[in-house]
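The structure under discussion appears below in the form of structure tokens.
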Amino acid sequence: MSKLTFARAINAGLRKSLENDPKVILMGEDIGSLGGVFRVTDGLQKDFGKHRVIDTPLAESGIIGTAVGLAYRGYRPVCEIQFDGFIYPAFDQIVSQVAKMHYRTQGRVKMPITIRVPFGGGIGSPEHHSESPEAYFTHTSGLRVVAVSNPQDAYTMIQQAIASDDPVLYFEPKRRYHDKGDVDESMDLSKAMPLDKAAVVNAGSDVTLVAYGPLVKTAKDAAQAAADEGVSVEVIDLRSLAPVDYPVVEASVRKTGRLVITHEAGQSGGLGAEIAASITERCFNYLESAPVRITGFDVPYPYSKLEMHHLPDLDRILDGVDRTLGRPNSLSGLEG
Amino acid sequence: MLTDKAGKGVQYDAPRPGQSAHNPLRTGGNLLQLVSPEGERISHPEFDLWIKDIGDEQLGSLLEDMTVIRRIDTEATALQRQGELALWPPLLGQEAAQIGSSRSLRDDDFVFPSYRESGVAYIRGAHVSEIAQVWRGNALYSWDPKRINMATPQIIIGSQSLHATGYAMGVQLDGASTAVLAYFGDGATSEGDVSEAMVFAASYQAPVVFFCQNNHWAISEPVRVQSHVQLADRPTGFGIPSLRVDGNDVLAVMAATRWALDRARSGGGPTFIEAVTYRMGPHTTADDPTRYRDPNELEDWAAKDPILRLRRLLDAKGLLTEDLESRVKAKADAVAAELRTSCVNMPDPQPLDVFNHVYSTPNSWIERQKDQYSRYLNSFNQPVEEGAL
Ligand SMILES: Cc1ncc(C[n+]2csc(CCOP(=O)(O)OP(=O)(O)O)c2C)c(N)n1
């Protein structure tokens with residue numbers, strides 16, 4: 001066991017993958033001597049060389065488009081998109097090419113491409129540096145989408161993503177990069193939890209609270225605060241956003257009868273809507289109240305002085321928990 | 001005579017040199033220079049004509065502007081270090097490129113900048129508090145684009161080159177004589193948007209000038225990662241003429257920009273200017289250049305400092321008088337003080353501002369979320385009812 005920051009844990013996972021498979025190559029803007037703007041790739045170019053850790057031209061469509069060609073050729077590219085808001089120039093390559101190649105060729109061509117994206121807000125950045133674009137990608141068949149929430153998962157899931165023959169969007173909660181946690185670097189990947197499994201990270205019996213990425217920590221804090229008030233909240237870390245591990249969420253909701261989903265992305269057309277609908281379909285008879293979403297607002301990510309209002313926090317989540325329990329809450333007395 | 005935003009009374013529409021049908025464009029990678037790093041005036045048969053109205057007075061005002069924007073930069077960097085600004089992208093070293101180009105503009109010209117053109121914004125008439133507010137995190141926009149004919153900072157690399165081209169196409173459709181100037185960096189030339197902008201600009205012969213400040217670095221990546229050829233070689237393949245100028249030479253930048261803007265206005269189509277300069281500071285205040293940059297390189301470029309160069313020219317001409325020095329200093333001090341005061345006293349935005357201006361007409365989703373969030377905020381002020389829990 002070692003104590004690693006989130007960023008170091010991903011770095012260690014990337015290093016392992018580079019060591020284990022000569023076909024793995026890293027590519028992205030500033031990932032070489034700078035080690036990436038978040039230092040996630042720190043030292044890797046020095047140790048593996050410029051042909052394995054490639055500083056690319058400043059061109060996102062170029063990064064993903066050439067990764068498609070490299071994958072065609074048998075490589076396993078790991079692409080870094082510097083910030084969430086800069087993925088859109090590459091959007092066409094991701095949704096039209098990366099996602100569809102396997103289907104188009106009836107499995108003859110695989111796209112084992114991992115796309116690392118630091119995502120989410122809370123670091124006081126300017127525009128385009130705090131987006132939560134995950135729903136665009138979960139809506140596209142052929143892509144696996146994961147979001148990590150702790151250093152151990154960050155370490156194992158990056159290796160699993162790279163080893164996966166499917167393309168994986170790997171979302172890293174950038175405001176947690178400096179959080180430390182225990183990481184078992186000797187963990188046998190075949191024994192680790194599979195990439196598409198959700199994890200129950202806090203057991204509870206009154207309300208199910210689903211979160212992923214940066215909000216898992218907030219959700220656990222909320223569960224702790226609720227416990228102090230005598231409410232038992234079960235927290236699920238989704239880990240995989242596409243596909244969603246519904247059996248785990250379902251089992252929890254059958255037990256608690258109540259569901260709160262939280263994410264930083266805007267509400268409409270978001271993952272919370274998808275989960276609320278799916279769980280309602282699957283567990284209608286078990287639900288004691290309507291599922292509640294605590295999310296970012298349907299506004300462009302605001303300037304940093306207002307981001308704390310946009311981002312779900314512990315109190316807003318608890319307000320949502322109160323709503324499912326029929327306890328006094330900010331919407332008490334309102335219809336619907 | 002036309003005046004610019006700063007009211008400097010520069011004569012922009014100097015008679016077009018007779019040779020302008022002839023392309024005075026770069027050959028063999030020549031760098032247009034009108035002042036040497038030692039401050040000597042280098043004469044040029046063609047481009048001298050474009051700055052012949054720049055007399056003693058004008059040279060002094062160029063020094064003033066360059067010094068002022070360096071002070072804005074230093075002060076903003078200090079404000080960031082003191083926690084008053086969330087981030088700042090320094091322009092240190094790029095003063096000649098920014099002042100030489102922006103002082104060439106007419107009021108009715110339109111500018112599409114990246115995020116680093118604070119000096120240009122100052123010349124266009126943006127108030128320093130407007131420049132600061134976006135970096136403080138108080139707003140997503142900086143100045144009113146319609147008031148100063150300048151789009152607000154663009155963070156998505158290269159995007160604005162397309163906007164500039166489209167604006168120029170609009171100017172063309174209107175039959176107007178406005179020119180459009182797009183700023184971007186060396187790294188931006190790798191983005192698809194910039195290539196697409198050049199395709200459109202060439203196809204429609206749009207009145208746009210692409211002004212690329214080659215400051216040699218795209219965060220940690222040297223320009224050679226972006227291009228195997230000189231950047232000014234690239235546009236020619238799109239059918240766009242280009243110029244390579246010493247970006248630390250304010251007169252060369254001015255002559256080249258005036259020439260290109262005039263070409264645009266008179267139906268000559270797009271031009272690409274590569275202003276060869278150097279970013280002496282970090283990429284932004286969040287960056288650490290010691291991780292990727294050789295300190296000797298910085299030293300070499302410090303010797304070519306654009307402000308130093310102009311001072312040397314003025315000195316050689318006996319114009320660097322105490323009077324000028326104190327006038328420049330007083331102005332820089334005043335602007336810096338204004339930046340600091342307005343920044344520190346800027347009122348915080350209100351929580352519900354988060355919902356404003358998403359759409360221009362009411363949207364029921366957002367109205368509902370705004371209403372609910374307002375109830376939520378109010379719930380903190382209300383005493384919890386006895387026995388409710
Ligand atoms: C589409 C996009 N990709 C990546 C970034 C991150 N980024 C911000 S500035 C920058 C370097 C830009 O270099 P250059 O175009 O040379 O301009 P400079 O900052 O040197 O003026 C990068 C990679 C971004 N803002 N937008």
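Throughout, protein chains are lettered first and strands after them, A, B, ... in sequence-line order, and every chain is numbered starting at 1.
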Is it the side chain or the backbone of [X] that comes within 4.5 Å of chain B heavy atoms, both, or neither?
{"X": "A:Glu60", "value": "both"}
{"X": "A:Asp319", "value": "side chain"}
{"X": "A:His128", "value": "side chain"}

Given B:Val358 and A:Phe297, is the side chain to side chain contact (heavy atoms under 4.5 Å, CB included) satisfied, shown in steps?
CA-CA 11 Å; B:Val358 183; A:Phe297 302 118; over 6 Å; no
Using atom types as modelled and distance alone, determine if a side-chain donor or acceptor of B:Gln369 lies under 3.5 Å from a backbone N or O of A:Asp298.
yes
Does the A:Tyr303 side chain pair with the main chain of B:Val134, one donor and one acceptor, at a distance under 3.5 Å?
no
With a 6.0 Å cut-off (strictly less than), is the heavy-atom count around CZ of B:Phe200, excluding the residue itself, greater than 12?
no
Got a sec: does the CZ of A:Phe86 have more than 12 other heavy atoms crowding it under 6.0 Å?
yes
Minimal non-hydrogen separation, [X] against [Y], with atom names:
{"X": "B:Ile155", "Y": "A:Glu127", "answer": "CD1-O, 3.7 Å"}
{"X": "B:Glu221", "Y": "A:Thr56", "answer": "OE1-O, 2.7 Å"}
{"X": "B:Pro349", "Y": "A:Lys305", "answer": "CG-CB, 3.7 Å"}
{"X": "A:Ser304", "Y": "B:Ala86", "answer": "OG-CB, 4.4 Å"}
{"X": "B:Gln226", "Y": "A:Pro57", "answer": "OE1-CA, 3.5 Å"}
{"X": "A:Asp42", "Y": "B:Arg291", "answer": "OD1-NH2, 2.5 Å"}

Name the member of A:Pro126, A:Gly85, A:Ser268, A:Pro89 that forms the most heavy-atom pairs with chain B at distances under 4.5 Å.
A:Ser268
Highest number of heavy-atom pairs under 4.5 Å with chain B: which of A:Glu307, A:His129, A:His309?
A:His309
Find the one option among [options] whose heavy-atom pairs under 4.5 Å with chain A are most numerous.
{"options": "B:Val225, B:Asp287, B:Asp371", "value": "B:Val225"}
{"options": "B:Ile157, B:Leu87, B:Thr189", "value": "B:Ile157"}
{"options": "B:Ser227, B:Gly137, B:Ala218", "value": "B:Gly137"}
{"options": "B:Tyr373, B:Tyr292, B:Trp135, B:Tyr115", "value": "B:Tyr373"}
{"options": "B:Tyr359, B:Tyr376, B:Trp365, B:Phe355", "value": "B:Tyr376"}

Heavy-atom check, side chain of B:Lys370 versus side chain of A:Val299, under 4.5 Å
no
Check: A:Leu306 and B:Gln350 side chains under 4.5 Å, non-hydrogen atoms
no
For A:Asn329 and B:Arg375, run side chain to side chain contact (heavy atoms under 4.5 Å, CB included): C-alpha distance rounded to whole Å, both residues' side-chain angles, the deciding distance at 0.1 Å, then the answer.
CA-CA 10 Å; A:Asn329 64 77; B:Arg375 286 171 193 274; over 6 Å; no
Contact origin within B:Asn138 toward chain A - heavy atom pairs under 4.5 Å
both
Contact origin within B:Asp288 toward chain A - heavy atom pairs under 4.5 Å:
both
Mind checking the CD-CG spacing from B:Glu191 to A:Leu58? Nearest 0.5 Å is all I need.
5.5 Å
Measure the CG-NE2 distance between A:Asp30 and B:His283 for me, rounded to the nearest 0.5 Å.
8.0 Å
